[in-house]
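A, B, ... follow the sequence lines: proteins, then strands. Residue 1 opens every chain.
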Amino acid sequence: MTASVEIPDLASGPAGPEKKKTAKSRGSGLGRYLLIRFLLIIPTVWILTTLVFFLMRITGDPITASLGGRLTKEQLAQRVSEAGYDRPLLIQYFEYMGNLLRGDFGTTVSDNRPVTQVLAQYGTATLELVLFSLVVAFLVGIPLGMIAAKYRDRTPDAVLRIFGILAYATPVFFIGLLLKLVFGVLWPVLPVSGRASGSTEVLLDGVVAPTRLYLIDALRIGDFAAVSDVLSHAVLPAIALGLITGGTFLRLVRTNLIGTLGAQYIESGRSRGVSEFRLTTRHAFRPALIPIITVMGMQIALMLAGAVLTETTFEWKGLGFQLFQYLQARDFVAVQGIVVMLAVIVAVTNFIVDIIVAFIDPRVRY
Amino acid sequence: SSSTTGGSDSGEGGALSVGTTDKITVLDPAGSYDNGSFFVMQQVFPFLMEYKPGTSEIREGIAESADFVKPGEYEVKLKKDLKFANGNELTSSDVKFSFERQTKIQDPNGPASLLTAIDSIDTPDDQTVVFKLNRENDQTFPLVLAGPAGPVVDEDVFAADAITKDDEIVKGKAFAGPYEIDTYKFNELVTYKKYDGYSGGGEAAKSAEVQMKYYSDANNMKLDVEKGSIDVAYRSLSPTDIEDLEGKDNLTVHKGPGGEIRYIVYNLDTMPHGAKSDNPDEKKALAVRQAMASAVDRAAIAKDVYKDTYQPLYSYVPEGMKGANESLKGLYGDKQGGADTDAAKKFLEDAGVETPVNIKLQYNPDHYGPSSGDEYAAVKKQLEDTQLFKVDLQSTEWVQYAKDRTNDVYPMYQLGWFPDYSDADNYLVPFFYNTKEEPAFLANHFQDDSINKKLLEQVSQPDEGKREKLIGDIQDDLAKQLPTLPLLQGNQIAVADKNVKGIDETLDPSFQFRLSMLSK
Amino acid sequence: MSEHLLSIEDLSVTFTTDAGDVNAVKGVSLTVDPGEVLAVVGESGSGKTVTAKTILRLLPETAVAEGAVVVSGENVLTMAPSQLTGMRGRKAAMVFQEPSTALNPVFPVGWQITEGLRAHDPKANRKDLRARAVEAMEKVGIPQAEERFDYYPHQFSGGQKQRIVIAMALALGADLVIADEPTTALDVTVQSEILDLMRSLKDEFSTGIVLITHNMGVVADLADRVAVMYRGELVEVAEVRSLFADPQHPYTKSLLAAVPKIRTLRGGPASGNAQVQKTQVGQAQAQEDSEPAGASAGENTADPFADAETIVKARGLEITYRGGFGKPDFKAITGVDFDIREGEVYGLVGESGSGKTTIGRAIAGLTRASGGSLRVFDQEMVGFKEKEFKPLRQKIGFVFQDPAASFNPHLSIGDCIAEPFRVHRQGMSERDRRSEVIRLLDAVQLPAHYADRYPHELSGGQRQRCSLARGLALQPELVVADEPTSALDVSVQARVLELFTQLQDEFGFAALFISHDLAVVDMLSDRLGVLFHGELLEEGTGEQVLGAPQHTYTQRLIASLPVPDPVEQETRRKLARSLRG
Amino acid sequence: MSTLNTPETPPAASTAADKDSSGSYAQKPWWKKLPVISHVLQSSGLQRGMLVTGLIICGVVLICAVFAPLIAPYGYADLGDENGRFVPQQAPSAEHIWGTTVTGFDVFSRVIWGARTAVFVIVVAVLASVFLGVILGLLSGYIGGWLDRVLVVVADAIYAFPSLLLAIVMTIVISGGQSTVIGGVLAAGISITVVFVPQYFRVVRSETVRLKAEPFVESAQVLGDSNLRIIARHIYSNATRNIPLIFTLNSSEAILTLAALGFLGFGIEPTSAAEWGYDLNKSLSDVTSGIWWTALFPGLAIVFTVIGITLVGESMNDLNDPRLRLRKKSRRGRKSKESKNV
Ligand SMILES: Nc1ncnc2c1ncn2[C@@H]1O[C@H](COP(=O)(O)OP(=O)(O)OP(=O)(O)O)[C@@H](O)[C@H]1O
Ligand SMILES: Nc1ncnc2c1ncn2[C@@H]1O[C@H](COP(=O)(O)OP(=O)(O)OP(=O)(O)O)[C@@H](O)[C@H]1O
Ligand SMILES: [Mg+2]
Ligand SMILES: [Mg+2]
């Protein structure tokens, strides 16, 4: 999906025409730019919340979802009314938004837990999964993309491109299934579900002031059996989710690197005898990184979606998985809360990407 | 568990580990009304009444005695020196508190509706609780006390007017069942440790520690039990998985009777020839129902779709309940339980129904397990193979389904039931006791005064023999009228490592999986 | 052969393209000696850049080069890759056309300079490299080089960037510098500084320079010898003076003839292609024309447009660009007064960014004037309503700078030209429209069947003619021409300008003619204004402004403009230097 | 005078602006200018290989979709034939070349019929989103102002939302009713549409904003063309040149989303249509029980189709981008170059 966006982006890449800026406007410019980018998070989150609020209300209520097969129409109606779900939608909406503004995400309807607690517990799990996957994606995408760009249109490139397309074309759940088949059944060397084995989980839950990122917690208590347990559980999900993103990264790095490799400053470097290796890894890579990172930021949103599938396949009890459960239970309080959280994550990620881009691209920085 | 066992789970002598795909909603009995939550409650909360292992009969739990002292008064005397795991005393005031708070909280997800029989609760002394009931000699009341509304909770830990959070319950150690919860990770991992002060009806827990692992994907649970990462897999492996695991040497597949039933509901108004259809004719409508009852091959569905993890159901009350019979068997099909096209044809011909009959059949793909689609594809095929029916099969997502079914949208549709308590009553009254004041939850416009009367009668019939007879009569009456078409009864299935003991003992008609009876 | 710094022998370069092979360079032979500047000139696409890149073997993979390119005794075309990197930069270095694209935007310039040094001297330590880079920066005249070592390219002006690009070549001590249009992207004032810098390179370090340009003024200023390329072939090589004095090849002749020249400081008559001489409308103009052009500024000749109606009247005109989110507003035009009268051509000059286009757009209602007053056909343009202005639009024609971009690529030329009729003469039949289009094409001297072609199927000059035709379709009373020829080659430019003059003659429209090229403006306009940073510095007839510039900026502007005559240019250069101080 | 008479034929290749792809269009029959065909003609080497492979794969999928009733031996919901009920979970055999599922469906038939669903969903989803996205993008980009700001923020917000989750919610909203084929496919299609509209919107809008400043649009403004006319006549055709490309990229995205919906149980019911993701979901427990055929084939069908479309999209992308486009090497050139590099 993002691939489609990267195309127009390429045109305005670093090689694009430069705008004249006066020295004075630079300093305050970045600050204001970032401030505005930051403030834009608010409408984004607000729109999504509103959207999801009304959509979820159309889909039904949690009480019917859980008791629709047991109670009479009248009993159901009574319970729904007791819960206040038959009041005018707008009133409920303003009430919810009001609470949200006060930082009150509410309590889930289906299992009566504070949404904040749900977010804290599952958010970290998803974060850990996404981090592991990003490691895979970076390890796969960046070096291979550089190689493909370097050996453009020759055998290594052809092989890598096909690999990239394959990685993109294989749905997470299908890769997951194949991985499970291979490593869980045919050659059962890796655990295929969960974030850790039971005893490790118990152990890690007992850690004081846990980060809830298992790997970090396990490292902190210095228990290497636990560390390896956590890592072994992470391998398959991280590969499944990471490969797909890695495939996208590969294509992204390749295209942009080819783009910058054709820029005049590369030719300029070449004309002064700078080696091809250095041209690829230093001169061309950093400018190529700007569009790459921008798209990578958008990939985060995709990864969160991919996480739903990965988490479901590998029993990784994270936010995506949980969101799916709550969706089925029509637990709108929970769904709304999680969506707000996801929206904030995505918006903040993109904000961070802007900062990183500003860091890499001096034209934005100064 | 020490840190060094980080890698492997089920070393010999370690904690017994059990997997499930059920889900907990909340631990507080006032806030949940589902199997997954009740499963935990059974292990950790004390009940006044309990099921006797191996039967669907009940006996005293933490009660020393319990009985009707007057037609409207049920008196329970508690055992002495009962204590919660946190050291708090368990007295009659805790009992009163436990029941009253449920009615007060009226949580939309809670089981308060089961307690409508209670008028008031008296506690003459620390050991005695008197329930004043609004129905005389209500035979189901003791069962209610053993069911999801029955756990007795600690009034010092639980709030009187709000759902108490899981963490507070765990931290407050408000437990007095065979186990107490040691660590609690919501819907991921719950570890139990034996509660030494347990003084319910049963024996003390056989395993000191049990680890309960919650899966979302049955397939993962299957792989884990196959690999030995867990010792027991309980609810709900797919039929394919179970069939596959049956062939494994190190595992045993345990089956017991189940309380879950599956059936087709007829909307007597909108079904073909129904009261509000284009061509209303009560006789023809009945003939259609009878023909369908003759055309379905339950055994084939149970075998092909469910690989015998379900069994055919020939009556309204499933096998294992007191009073259950097989009332449909002798009436329809080949009278042996099998399908018979000729019999079906005869019903239709006799009533003058034009064939093929066009029927619209609805099922739900996401509430009754992943095999519903297969089940109904099979039903459709069976019906159509007789050449007597044309089936328009459709499915609808659960929430919409639950709304539509009571709004006369579906002429016939799939439904399932898991009992609130193990008694025939629970398979009859909610469905067929239908009056203006107390409508039945099916809302299929079936109303029969004589059945209503008999249903009322059996509830208050203290004589077991007479009650069973009444229940049998009701089933026979229903079988003739066919307001619903019973199809299947679920089996309880647990797959366990060969050396896990006690599983068969707990897979009984009480449908309670007692961890305390397991050991390895 | 060995004494030459560079010798190219019978070089041919072929590209593989979608449309088949392109033989871009055909049998070119050249030599360059130390301390010599060889200028390579020729129209666009004649193979200058390709030849230059071949010297460093920088051609893309789709190119195949045959022949020999010998740099310091070694044939570049047969070198091993490792030798090649050793040669590049050390023996021959290249200065690219667009300084902004030749510098990597995300690395500090100093680092970029050291990269070349490091490549040839891997063991050098960082401090040492830095010192050498700073030294190179100082040499090319970057002030505070030590501090600016860590600056990024965008923190420099265009001219400074070009200096840094030169510093990169310089730092490596290359004996041969190939400069591909090193000043085309720069303003004239900056250009003359860069040319000075290159001259000092040659003088002080005896560097051999291959200078590629199509600006004959630059050639006259800097070159020792000139090589003229035409369609991939070398048609003439000669000493600079003899080339200008006595061109041999017909192409060279037409090239030199097409170059517009301004009236000189000495007050000589405006020179240039005889056909492109300004012709005037009406007797008054003819009268003016017959007067000696060199009349001094003080002497007020009768204004031929004194009685003409004023079509455009700007008083204290201010135009502000709104700064979007988080950016301050930008005042592009501050308090400008001028008039354009019926039938008059008003020329507007000024360096890049001075606000020329902005004024033109404001007159056409494309950009809103924000302050002061701008009356166009008596319609106040400050705060105008589109509805009121729309009927006036047919009185205004607009000719854009880049003919390629000003046509919708999906519409045929005929449709494009007919568009004004569709909008303003809605009753017109398809047939009449067609005949109007043909009449217009005829007016710009294009055959009728061109109406069915698509814009990309025409050459740049043809497109600009069509653009003129469209601008004139409704017989406007005012034409705004925004650098209508700057995207064209000199020879093509000459023809288009000539046509413009003819048409203006014929239709008698008033025009605002915008250009950064003093010579062009001088050639065409009745009066001209000099714009600097959004202010109109001075205005008057060509003689007044160019002959006796009042403002120092105007003086500098005129002095910086290299004239295509090596002899004259030498004297002008001295003058320009003195002006710069 | 002499200069006027010199013919103005451009030299070998005129200015840089002339050179790009459009230059070679001259004098070609119209059909050679069509997006995909022109791409094939332009391509060479690896790129042509990729493009042609992709086109063949897409062709195969399309043929399966159109002729499913002829190709598939059984219907998508057939549980048996005249010889009785199929044995469920049968290994591949002559009768069922790819075996049967738990339900007893013929895997091969369902995979073939699945192509129909996939194509149907792509058509619905992509067409609807192209339509909406283009209109909104044109208006927003051209009119600008607060409308533009609001639309951009909304589009960005939707874009920022994990698309699959949005699709799930939308499916629930839309398919709340019954599970007919049309209902199911439309639900999937429309929910995917909602996700894609922001993408088309963004691309068309940014193109429109860019074009708005192009001289040819300004020249129309100078003439006094009405806004509607400018949008329709001048901007529309130019702003949508990237659409075929995004079209292919989104098509594969649509298939993946549909499959994911099916996999999560929000897809189309088996008796309404065949859908690969749904079949894959149903076969989860088969795989770990040694029944590989029920999962493998639908999974491969997804991969196969997405690869096909992606190959087409990727190579079109390369061909559209002059920097990425490969040129054929002339025979002569290749030979002489080799000899030179010795
Ligand atoms: N990479 C390439 N592929 C194909 N043809 C090319 C390539 N580079 C240049 N050419 C062709 O080679 C010819 C010479 O181009 P070159 O760039 O040398 O012209 P030039 O004289 O530098 O023109 P200008 O003044 O516009 O820079 C042109 O016809 C051009 O189209
Ligand atoms: N749309 C715009 N928004 C903000 N500033 C602008 C805009 N267009 C032009 N400017 C600024 O206004 C000033 C004048 O620009 P203008 O285009 O009129 O210059 P010009 O004299 O035509 O230059 P050139 O010779 O480069 O075409 C410049 O500083 C430019 O950066
Ligand atoms: Mg060039
Ligand atoms: Mg301009």
Side-chain angles (χ1 to χ4, degrees), chain A residues 1 3-5 7-8 10 40 43-48 51-52 55-56 58-60 153-154 157-158 161 165-166 168-174 177-178 180-181 184-185 251 255 258-259 262 298 301-309 312 320 323-324 327-328 330 335 339 342-343 346-347 350, chain D residues 45-47 49-50 153-154 156-165 168-170 172-173 176 195-196 199 202-203 206-207 242 245-246 249-250 252-253 256 259-260 263-265 277 280-281 284 287-288 290 292 295 299 302-307 310-311 313-314 317-318 320-321 323-324 326:
Chain A
M1 166 177 319
S4 59
V5 192
I7 303 144
L10 282 180
L40 272 177
T44 307
V45 171
W46 172 66
I47 288 170
L48 278 182
L51 194 79
V52 168
L55 282 179
M56 281 306 291
I58 301 174
T59 63
D153 299 320
R154 285 184 250 155
D157 183 30
R161 291 191 79 182
I165 292 177
L166 210 62
Y168 165 80
T170 315
V172 174
F173 45 86
F174 191 52
L177 205 64
L178 296 178
K180 262 164 117 174
L181 183 63
V185 181
R251 303 192 308 164
T255 321
I258 287 178
M298 297 191 240
L302 280 185
M303 265 197 149
L304 288 174
V308 176
L309 297 166
T312 312
L323 175 59
F324 181 62
L327 259 174
Q328 278 183 320
R330 296 300 186 278
V335 171
V339 166
L342 289 181
V346 171
N350 283 328
Chain D
L46 178 65
Q47 270 168 11
M50 282 171 58
V153 172
V154 171
D156 280 0
I158 295 180
Y159 190 80
F161 193 48
S163 59
L164 180 61
L165 302 182
I168 292 176
V169 179
M170 288 308 297
I172 297 175
V173 173
V195 178
F196 286 170
Q199 297 183 29
R202 281 176 148 213
V203 172
S206 68
E207 276 287 282
N242 273 329
L245 173 64
I246 306 173
L249 292 171
N250 275 358
S252 41
E253 200 65 34
L256 291 176
F263 183 79
L264 290 174
L280 206 50
N281 172 316
L284 276 181
V287 175
T288 49
W292 50 270
I302 299 172
V303 176
F304 183 74
T305 312
V306 176
I307 285 187
T310 311
L311 280 175
E314 279 254 305
N317 185 20
D318 287 7
N320 281 352
D321 189 335
R323 290 174 305 176
L324 297 176
L326 263 184

Counting heavy-atom pairs under 4.5 Å with chain A, which one of [options] comes out on top?
{"options": "D:L280, D:D156, D:I302", "value": "D:L280"}
{"options": "D:A260, D:G49, D:A157", "value": "D:A157"}
{"options": "D:V153, D:N281, D:L311, D:V303", "value": "D:V303"}

Can you tell if the side chain of [X] reaches within under 4.5 Å of the side chain of [Y], non-hydrogen atoms only?
{"X": "A:R330", "Y": "A:V335", "answer": "no"}
{"X": "A:L48", "Y": "A:L342", "answer": "no"}
{"X": "A:K180", "Y": "D:V287", "answer": "no"}

Measuring from atom [atom1] of [X] to atom [atom2] of [Y], what distance do you get when rounded to the nearest 0.5 angstrom?
{"X": "A:F324", "Y": "A:L309", "atom1": "CZ", "atom2": "CG", "answer": "9.0 Å"}
{"X": "D:Q199", "Y": "D:E253", "atom1": "CD", "atom2": "CD", "answer": "7.0 Å"}
{"X": "A:L181", "Y": "D:W292", "atom1": "CG", "atom2": "CH2", "answer": "11.5 Å"}
{"X": "A:Y168", "Y": "D:L256", "atom1": "OH", "atom2": "CG", "answer": "5.5 Å"}

- request: Sort out for me which of A:L327, A:I58, A:I47 touches chain D most, counting heavy-atom pairs under 4.5 Å.
  value: A:I47

Residue selection (most heavy-atom pairs with chain D, distance under 4.5 Å) from A:V339, A:V52, A:L51, A:N350: A:V339

Counting only heavy atoms closer than 4.5 Å, note whether [X] contacts chain D via side chain, backbone, both or neither.
{"X": "A:A343", "value": "neither"}
{"X": "A:V172", "value": "neither"}
{"X": "A:T170", "value": "both"}
{"X": "A:L55", "value": "both"}
{"X": "A:R154", "value": "neither"}

